[in-house]
**Student:** 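Structure provided below as structure tokens; questions to follow.
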Amino acid sequence: MNGIGVSPGISIGKARVIKKVQIALTGILLKDEVSIAAEVERFDHAVNKAINEIEFIKQNTSLNLHEEDIQILETQIEFLADPQIREDVVEKISFGKRNVNDAVIEVIGNMVNVFENMDDEYMRARAADIQDIGNRILKHANLSDHTHAQQFDPDTIIIAEDISPSDTITMGKHVIGFATQAGSKTSHAAIIAKAKGIPAVVGCGDGLGAINNGDIVVLDGAIGLVFINPDQQLIADYTKKKAVYIESVNWLRQLKEVKPITTDGTKITLMANISGADDMEDVFDNGGEGIGLLRTELLFMNRDSFPTENEQFEFYKKVALQSKSKAVIVRTIDIGGDKQLSYFNLPAEQNPFLGYRAIRICLDRTDLFITQLKAILRAAIFGDLKIMLPMISNVQEVREAKNILALAKNELLKENTAFKADVELGIMIEIPSAAITADILAKEVDFFSIGTNDLCQYTLAVDRMNEKITHLYDPFNPGVLRLISNVIDQANKQKIHVGMCGEMAADPLATLLLLGMGLTNFSMGAAAIPVIKNIIINNDLSTAKRICEEVMHMDNSQNIIKYLKEFTA
Ligand code: PEP
Ligand code: MG
């Protein structure tokens with residue numbers, strides 16, 4: 001089966017199929033009265049959360065709900081509040097000694113069956129609503145307050161319709177690969193898989209539905225192939241390929257202590273993109289020299305409320321303490337788009353990637369923003385933390401953010417809390433207007449970091465999540481290259497730091513071109529660092545400049561890619 005290879009490597013393991021509601025019957029029986037009472041409480045809590053969630057959707061005027069939609073939501077609330085459902089569930093818990101998951105699955109399953117078999121068409125259609133409320137209850141009953149690793153057997157390959165970024169982080173060590181029906185190269189799940197070195201294939205389509213739990217799966221994350229229950233010969237071939245791949249990775253890792261300096265002496269900085277302190281060991285193992293992007297939104301996921309200032313402080317402090325005094329660029333919360341928080345009911349939007357997200361939320365919800373800024377400023381005492389704002393589209397946003405940063409400092413002063421005042425402030429350049437006005441923005445900040453994942457999607461009007469149009473998602477489009485080149489030029493001219501933390505920084509095909517443009521700071525998933533370092537230490541800057549000169553005169557990406565391939569063979 002073909003898909004899009006988004007994270008290289010070969011996995012041979014057993015399938016674990018994850019359906020949208022990732023909760024199955026456990027068959028576990030409760031042992032005592034205390035656990036029975038706890039399960040009943042968990043059920044009531046989950047129902048309340050589900051009702052609140054639906055109420056929120058219903059009352060959200062920006063959704064422009066039709067009368068019929070509101071009616072469906074009201075029916076769902078009625079079902080949720082139905083004493084009969086509660087009675088049935090509580091009976092299963094109290095007398096059947098079933099846990100909430102099993103009790104809800106059984107009670108809701110029975111109801112769905114009854115409704116599906118009714119003569120009346122309207123009533124039959126209600127079966128889907130009942131299933132939906134069951135899913136909601138299960139979702140809320142299984143949300144924990146803190147991120148937790150899911151339990152999987154060793155050598156598990158996850159097979160799913162789609163995987164959220166938070167699923168990817170909580171997969172744990174036993175997951176050795178994943179394949180999804182949907183997704184694209186720069187979806188966050190793909191980026192995180194790559195950073196963790198988990199082979200992954202996305203966009204496989206409906207064919208994945210044929211895979212069952214326990215099937216043997218071979219996955220080639222470089223070229224995007226998934227084999228289900230292959231014959232012994234194929235398994236033997238891929239076992240060999242895997243060994244060769246691991247050998248080449250290990251060989252590259254030996255470059256850990258080698259400095260990334262071009263053959264003519266230009267020092268390059270290779271940093272890593274991480275999601276938390278747990279990723280830090282991998283960064284240093286791969287020779288990373290600090291953190292070019294700490295994606296803080298992942299700290300906000302897999303919970304059921306916003307982390308407090310202290311919780312955030314502990315999180316950033318842990319990263320700072322493990323950073324060996326190297327720079328750590330902390331990006332302020334970048335939610336919205338494909339990164340949603342279950343407890344922060346963001347309105348459904350026609351174009352979420354163009355909507356209420358990232359810095360736009362922070363400037364609107366200054367309470368959330370100030371809390372995060374205060375936590376970062378406090379943690380900055382323990383390491384070289386810098387603050388970076390995502391999704392900046394104009395200079396006013398930067399100025400507003402600076403004012404809020406000043407307010408955060410003032411609050412800390414008033415509270416007599418220790419913090420570092422002179423923390424550097426930078427912005428991501430990931431919106432075309434920011435790239436075009438880099439000369440203006442450079443006067444306002446200490447550094448830029450080019451986010452090619454979004455810059456490419458916004459410049460080319462290509463949704464980075466849509467697998468149908470991945471062929472149009474092209475960082476080598478001359479339009480994208482001109483924007484990148486302008487940002488680097490303007491930053492270098494005005495002597496502010498400029499780095500790149502989008503996926504292009506990890507693309508070996510782009511390394512010499514970017515060096516030639518004058519980029520000296522690259523940040524990427526830790527696993528890619530040795531590959532990029534190997535290119536840097538084997539080339540000189542004058543060759544890179546000549547390549548860049550040629551490329552910038554070409555009129556289409558096909559020729560550009562063909563030309564660049566000559567230098568990366
Ligand atoms: C980017 O847009 O290039 C980037 C690094 O940010 P994210 O992928 O988290 O949107
Ligand atoms: Mg981005």
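One-based numbering, in listed order, for ligands and for the atoms of each. Every value quoted in this text rests on a predicted model; they were computed, and no experiment measured them. Numbers here are sequence positions counted from 1.
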**Student:** Would you say R331 has any N or O atom under 3.5 Å from an N or O of ligand 1, going by distance alone?
**Tutor:** yes
**Student:** Name all pairs fulfilling the ring pair (Phe, Tyr, Trp, His ring centres under 6.0 Å) condition that reach into residues 458-516, sequence neighbours left out, sorted by first residue then second.
**Tutor:** none
**Student:** Out of all atoms in ligand 1, which are within 4.0 Å of some heavy atom of R295? Include the element for each.
**Tutor:** 5 (C), 6 (O), 7 (P), 8 (O), 9 (O)
**Student:** Taking just the N, O or S atoms of D454, which one is nearest to the Mg ion (ligand 2)?
**Tutor:**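 Nearest N/O/S atom of D454: OD2.
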**Student:** Within the structure, is a non-hydrogen atom of M504 found at a distance of less than 4.0 Å from ligand 1?
**Tutor:**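 No.
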**Student:** Any atom of ligand 1 sitting under 4.0 Å from a heavy atom of Q457?
**Tutor:**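 No, Q457 has no heavy atoms under 4.0 Å from ligand 1.
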**Student:** So, the side chain of E349 versus the backbone of Y356: is there a donor-acceptor pair under 3.5 Å, distance only?
**Tutor:**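 Yes: the side chain of E349 pairs with the backbone of Y356.
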**Student:** Give the atoms of ligand 1, by number and element, whose distance to some non-hydrogen atom of K339 is under 4.0 Å.
**Tutor:**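 Close to K339: 9 (O).
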**Student:** Considering both backbone and side-chain atoms of N453, is one of its nitrogen or oxygen atoms within less than 3.5 Å of a nitrogen or oxygen in ligand 1?
**Tutor:**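 So ligand 1 has an N or O lying under 3.5 Å from an N or O of N453.
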**Student:** So, E289 side chain and L270 main chain: donor-acceptor pair closer than 3.5 Å or not?
**Tutor:**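 Answer holds: yes.
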**Student:** Going by atom type alone, with no hydrogens or angles, which donor-acceptor pairs under 3.5 Å involve a side-chain atom of residues 425-442 and a protein atom two or more places apart or on another chain?
**Tutor:**
residue : atom : partner : partner atom : Å
E430    : OE2  : M391    : N            : 2.7
S433    : OG   : S393    : O            : 2.8
T437    : OG1  : S433    : O            : 2.6

**Student:** Hey, looking at atom 8 (O) of ligand 1, which of M500, R464, E430, E503 has the closest heavy atom?
**Tutor:**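 When every heavy atom of M500, R464, E430, E503 is considered, R464 comes closest to atom 8 (O) of ligand 1.
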**Student:** E430: which N/O/S atom is nearest the Mg ion (ligand 2)?
**Tutor:** OE1
**Student:** Heavy-atom contacts with G502 under 4.0 Å: which atoms of ligand 1 show up? List them by number with element.
**Tutor:** 3 (O), 5 (C)
